[in-house]
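Lettering of chains follows the sequences in order, A, B, ..., and the numbering in each one begins at 1.
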Number of protein chains: 2
Amino acid sequence: MARIAGSSGARTAEAIRRAALRLIWRQGYAAMNLRDLAAEVGIQPSSLYNHIETKQALLFDLVHDHLTALLAATDAALEAAGPDTLERLRAFAAHHVLYHLEKRAEVYIANSELRALDPPNHGRVVALRRAYEARLITLLEAGMAEGRLAVADITVAAYAILAMLTGVCTWYRPGGRLSNAEIVDQHVALVMAGVLKRSAA
Amino acid sequence: MARIAGSSGARTAEAIRRAALRLIWRQGYAAMNLRDLAAEVGIQPSSLYNHIETKQALLFDLVHDHLTALLAATDAALEAAGPDTLERLRAFAAHHVLYHLEKRAEVYIANSELRALDPPNHGRVVALRRAYEARLITLLEAGMAEGRLAVADITVAAYAILAMLTGVCTWYRPGGRLSNAEIVDQHVALVMAGVLKRSAA
DNA sequence: GCCAAAAACTAACGTATGTTCGTTAGCAAG
DNA sequence: CTTGCTAACGAACATACGTTAGTTTTTGGC
């Protein structure tokens, strides 16, 4: 047999991306092999190459698409939050946690497989990450300038906050004891309590 | 030639562990290969097997030894902090950050290569991690019982705090803008601000 | 209904990898 | 000085991996 009845390029391509996301998430990029990936999709290893350029390009596409989607969604959430700095900060934290709860695999890969990207791809991804971090840093700077936040060092605070919020990916399981909203709310509360100036509650 | 003049088992074994730590830290366990490791140590690949059982056993040893050392050091730091819950919590946070600054490679591997451990090893390591997390959870429970802390959910708070404090490993570089003490202090401040009951400053 | 493009197949290549085997030279105890 | 253990060596094995080549069947536009 050759081409399979009912096969569709777009459908297979999506199946490959979904399966790759899952496998890389579970095992890591280096430990995932294309034979397992093909088996998961239900095709032969060589057939993958009708849809991907190389294994490396597949990883880059997954990471790149995730980061651009995250940036766009974040900007939309900030836009919706209005002009007030504290409101925007809350919105950023809430959106970050919720997004990370819902896209655990994408997030985890984008954070932990950076080193698996070859130099040109690595550079582009790092630039996107920096752009994302800049969103938070800008908010902290604004809050400091307005005298409503109090942190010793903005960069350290930004990284600490991002680390804390991203941490949900490592332990969250759907259908757990707490609702997503409860998890989001508590993280927002921890962040705000940590950075708010004592007087301005 | 066969045995090299001046070669010593203990010295080579330590060199292997150090090199493995560095390579796994940089590339990940799956991406590290024993030929590169041997080259780093300056011996032939087959000679590794005079000192390690398998690649997997090497990873387990590294992770296991790190976690037991971390547990012991943490208990010593808590002991030194005295009986007061808030002091112990500060001591825990400070020690965690400082230890993580100094042992970035060990920590990173222990956190990110869990999935590379085969089931029996995985189980033992997870048990050690849980024991460590329990130290923090116990402190938070005590602080809540004393009415001096205010968090919505102790487990979530514990994981969030650990994620935040462990985050330093991903961006810290020795010789950077801030001293270790400054980084530690700020993280302790962020944690305490996040969990302290408003009245009890 | 025909035909180029798409999307799958089978087979294989070249290399990389973890590990084993047999051997040999240095070291320390008797 | 001998002898047994240690720690290295070189060579190789078996497998696994990413990828390519060539082929075959289905699909969709004319």
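- Under 4.0 angstrom from either OP1 or OP2 of D:dA16 there lies no side-chain N or O belonging to A:N33.
- Under a 4.0 Å N-O distance rule, the pair A:R148/A:D84 qualifies as a salt bridge.
- Separating the CD atom of A:E14 from the P atom of C:dA7 is a distance of 14 Å, rounded to the nearest angstrom.
- Separating the CE atom of A:M32 from the P atom of D:dA16 is a distance of 17 Å, rounded to the nearest angstrom.
- Counting to the nearest Å, the P atom of D:dT20 and the CD1 atom of A:I52 are 10 Å from each other.
- OP1 and OP2 of C:dA7 both lie 4.0 Å or more from every side-chain N or O belonging to A:S47.
- Each of A:R35 and A:I43 was matched to the nucleotide of DNA chain C holding its nearest heavy atom; the match closer to the 5' end belongs to A:I43.
- A salt bridge is absent between A:R11 and A:E14: the closest approach of a Lys/Arg side-chain nitrogen to an acidic carboxylate oxygen does not fall below 4.0 angstrom.
- Atoms CG (A:L48) and C1' (C:dT10) sit 15 Å apart, rounded to a whole Å.
- Checked for salt-bridge contact, B:E182 and B:R177 miss the test: no charged N lies under 4.0 Å from a carboxylate O.
- Here the P atom of nucleotide C:dT17 and the NZ atom of B:K55 are 9 Å apart, to the nearest Å.
- Taking the six-membered ring where the residue is Trp, B:Y99 and B:H95 present tilted rings, their angle falling between 30° and 60°.
- For A:L34 and D:dT20, the CG to C1' distance is 13 Å, given to the nearest whole Å.
- Contact annotation for B:Q44: backbone-only contact, meaning every heavy-atom pair under 4.0 Å involves sugar-phosphate atoms and none involves a base.
- Under the 3.5 Å distance criterion, the side-chain polar atoms of B:E53 are left unmatched by any main-chain donor or acceptor of B:L58.
- Of the two residues near DNA chain D, A:E53 and A:A31, the one whose nearest nucleotide lies more 5' is A:A31.
- Whole-Å rounding puts the A:Y49 OH to C:dA12 P distance at 19 Å.
- Rounding to whole angstrom units, CD1 of residue A:I24 and P of D:dG18 are separated by 11 Å.
- For the OP1/OP2 pair of C:dA8 and a distance below 4.0 Å, the side-chain nitrogens and oxygens of A:T12 include at least one atom meeting the criterion.
- A:S46 comes within 4.0 angstrom of a base, heavy atoms only.
- Counting any heavy atom pair closer than 4.0 Å across all strands shown, A:N50 reaches a base atom.
- Considering only side-chain N and O atoms, B:H51 lies nowhere under 4.0 angstrom from the phosphate OP1 or OP2 of D:dT6.
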